[in-house]
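The structure under discussion appears below in the form of structure tokens.
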Amino acid sequence: MRWWKVAGLAGLAGVAATGAVLARQERRRRAYTPDEIRERLHARVAEAEQSPATTADEG
């Protein structure tokens with residue numbers, strides 16, 4: 001096999017693998033219901049409010 005065929009096949013395999021990973025991430029993202037997303041956001045806000053805020057102006 002010539003080197004360009006090997007490079008082409010490797011590139012094709014890379015594109016297919018990337019597509020599979022992106023499809024899996026999209027399925028995970030869409031699996032949440034709006035209520036679950038809302039609950040997670042509320043939990044993140046509550047967690048952020050509990051931790052002390054640091055800004056660039058301090059110091």
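Counting from 1, the numbers follow the sequence of the chain as shown. This is a predicted model, so every value here is computed, not measured. Below, all heavy atoms of this structure are taken into account, side chains as well, without hydrogens, waters or symmetry copies.
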request  = List for me each residue that meets salt bridge (charged side-chain N to carboxylate O under 4.0 Å, His left out) alongside R40, sequence neighbours excluded, and say none if there are none.
outcome  = none
inquiry  = Run the side chain to side chain contact (heavy atoms under 4.5 Å, CB included) test against E47 and tell me which residues pass, sequence neighbours left out.
reply    = none
Taking only distance into account, with no hydrogens and no angle test, what donor-acceptor pairs under 3.5 Å do side-chain atoms of residues 1-19 form with protein atoms, sequence neighbours excluded?
| residue | atom | partner | partner atom | Å |
| --- | --- | --- | --- | --- |
| T18 | OG1 | G14 | O | 2.9 |

key: Members besides V45 in its Ile/Leu/Val/Met/Phe/Trp/Tyr cluster (side-chain heavy atoms under 4.5 Å)   = none
Atom of R38, atom of D35 and distance for their closest heavy-atom approach = NH1-OD1, 2.7 Å
task = Please list, chain by chain and in numerical order, all residues satisfying salt bridge (charged side-chain N to carboxylate O under 4.0 Å, His left out) with R30, sequence neighbours excluded.
result = E26
ask   = Out of curiosity, T33 OG1 to E39 CD, how far, rounded to the nearest 0.5 Å?
value = 7.0 Å
